[in-house]
Asker: 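My structure is below; once you've seen it, I'll send some questions.
Note that ligands are numbered from 1 as they come in the structure, with each ligand's atoms numbered from 1 the same way. Just so you know, residue 1 is the first one in the sequence shown, and it goes up from there.
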Amino acid sequence: MNVRLYGGAVMKKIVGILTGLAMLLMSVMLTGCGGDSGGQKAAGNVTLKAGFGSSIDNSSGGQGLKKFKELVEKESGGRITVELFGDGQLGNDKSMMEALQMGTLDITLPSSSPVSEFSKSFLAFDLPFLFTAPEQADKVLDGPNGQEILKSLETVNIVGLCYFENGFRNITNSKHPVTKVEDLAGLKLRTMQNPIHLETFKTWNANPQPMAFNEVFTALEQKTLDGQENPNTIIYDAGFYETQKYMTISHHFYTPYVLMISKKTWDKLSPEDQKLIQKCANEAKTYQRETNRRLDTEYLGKIKEHGVTVDTLSPEEIAKMKEEAKPIYDKFSGDIGKDRLDSIMKEAQ
Ligand code: TK8
């Protein structure tokens, strides 16, 4: 799907509604036969349905899912099929997780920030300026802290497979250049639905508006929002550059994606298939992170080509913003767990 089409809010809605209706019909039919839309027992063929909020073809998350599909289908000799639905056709990050809990969707790949509504320990990754390089994130996410946090999803009927990368977030807006924290004052910025993100932008005197991702393009277009914040790859893929004149490379948050599967689906798979899926997830992870890091630079170039003015925060300004946001670390250390937070901060050095 091309970027223009993705940007076309009406077209997107129509596609979404049609897909939704088709899915509903399918699940009614399956329930009618006493079936389930999840994976079936090991002997037969298994079809896994995966939903994602951004595009399958252009976003790094989508490309990671494609790689995962390719690996699973190859390794299983075609016995396991993965069907991909991008562009929020099946819902947003939160509603797709709820579908996983109910077993009406098998796989999804949300940003970790809305995942914190399901398990608070994920809040650890939302802290402002926690990571400065992607390798630090890899170390924490793939290490014991990241893996224990991933495991916490089992208490909400979801199995976490691994972390992909959404990446370092930057700020865009339609009003004026943002080169220092004072420039954020009063800006109506969309944030993810996450208490740390909300508090952080309040601390910087912006006017944060938590909102689901699939509502953002229209809100920017209709100017009910001044701006938003996302990694370069999403800003380009979602066509936000069409409505935004200014962009600031701020890297204020780092966002992992969480590749997850419904526990209902997981429990129906044989141990061999579970192993196969975990292995393919790990392989796709390496590919997806590499792809994201390449596209981060490539898509920034494309955003500039579209005429967006891009500024970069100075190290002094970053130090100032970090200092202002320090109380956030204390405020949320209870939810994250003090020992966990200390351990992550040590590991991230
Ligand atoms: C896509 C989201 C999106 C995220 C956001 O489903 O909501 O801003 O960055 O990429 O996960």
Side-chain angles (χ1 to χ4, degrees), residues 1 3 6-7 9 12 15-16 19 50-66 84-100 105 107-118 122 125-126 128 131 134 137 160 163-173 188-198 200-201 206 208-220 225 227-241 243-244 247 250-260 288-289 291-292 295-296 299 303:
M1 183 169 285
V3 172
Y6 178 78
K12 219 178 102 197
V15 172
T19 316
F52 182 47
S54 290
S55 83
I56 298 298
D57 289 331
N58 296 316
S59 78
S60 68
Q63 293 192 30
L65 285 172
K66 256 185 165 172
L84 304 177
F85 299 86
D87 293 309
Q89 290 171 64
L90 305 187
N92 56 47
D93 284 0
K94 187 180 172 191
S95 62
M96 286 192 282
M97 281 187 73
E98 286 163 352
L100 254 61
L105 177 66
I107 292 171
T108 191
L109 181 67
S111 285
S112 69
S113 313
V115 178
S116 67
E117 276 192 62
F118 298 78
F122 280 86
F125 308 132
D126 291 307
F131 300 125
Y163 298 95
F164 282 6
E165 176 174 273
N166 192 350
F168 285 103
R169 305 179 80 85
N170 297 317
I171 301 165
T172 67
N173 85 96
K188 239 178 161 183
L189 288 182
R190 178 268 178 174
T191 65
M192 285 192 275
Q193 289 151 306
N194 177 279
I196 295 189
H197 288 199
L198 185 65
T200 304
F201 275 102
Q209 307 284 321
M211 192 185 279
F213 182 70
N214 48 5
E215 293 163 27
V216 182
F217 186 88
T218 309
L220 291 173
L225 284 174
Q228 64 83 47
E229 48 86 57
N230 249 300
N232 300 348
T233 51
I234 300 287
I235 292 169
Y236 179 69
D237 179 49
F240 291 159
Y241 56 83
T243 67
Q244 306 283 274
M247 173 159 166
S250 48
H251 287 194
H252 53 282
F253 300 130
Y254 173 91
T255 311
Y257 275 133
V258 188
L259 182 63
M260 51 178 74
Q288 190 277 338
R289 288 179 186 171
T291 304
N292 190 59
L295 292 181
D296 192 70
Y299 285 0
I303 292 167

Asker: Would you mind reporting whether His252 and Pro128 have side-chain heavy atoms less than 4.5 Å apart?
Answerer: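 They are not in contact (no side-chain heavy atoms under 4.5 Å apart), so the answer is no.
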Asker: Sequence neighbours excluded, which residues qualify as ring-ring contact (aromatic ring centres under 6.0 Å, His included) partners of Phe52?
Answerer: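 Expected list: Tyr257.
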Asker: If you define the side chain from C-beta out and look only at heavy atoms, does anything of Ile235 sit under 4.5 Å from Gln244?
Answerer: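 Not in contact.
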Asker: Quick one: do Thr255 and Asn166 satisfy side-chain hydrogen bond (donor to acceptor under 3.5 Å, both in side chains)? Show the steps, please.
Answerer: CA-CA 5 Å; Thr255 311; Asn166 192 350; 5.1 Å; no
Asker: Measure the acute angle between the ring planes of Tyr254 and Phe131, then classify it against the limits of 30° and 60° as parallel, tilted or perpendicular.
Answerer: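 Judged by the thresholds at 30° and 60°, the geometry between Tyr254 and Phe131 is perpendicular.
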Asker: Indicate the ring-plane relationship of Phe201 and Phe253, choosing parallel, tilted or perpendicular according to the 30° and 60° boundaries.
Answerer: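 Geometry flag for Phe253 against Phe201: perpendicular rings.
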Asker: List ligand 1's nitrogen or oxygen atoms that come under 3.5 Å of a protein nitrogen or oxygen, with the partner atom and distance.
Answerer:
unit_1   : atom_1 : unit_2 : atom_2 : d
ligand 1 : 6 (O)  : Asp93  : OD1    : 2.7
ligand 1 : 7 (O)  : Arg190 : NH1    : 3.4
ligand 1 : 7 (O)  : Arg190 : NH2    : 2.9
ligand 1 : 8 (O)  : Arg169 : NH2    : 3.0
ligand 1 : 8 (O)  : Arg190 : NH1    : 2.6
ligand 1 : 8 (O)  : Asn230 : OD1    : 3.2
ligand 1 : 8 (O)  : Asn230 : ND2    : 3.0
ligand 1 : 9 (O)  : Asn166 : ND2    : 2.9
ligand 1 : 9 (O)  : Arg169 : NH1    : 3.3
ligand 1 : 9 (O)  : Arg169 : NH2    : 3.4
ligand 1 : 9 (O)  : Asn230 : OD1    : 2.6
ligand 1 : 10 (O) : Asn166 : ND2    : 3.4
ligand 1 : 11 (O) : Asp93  : OD2    : 2.8
ligand 1 : 11 (O) : Ser111 : OG     : 2.7

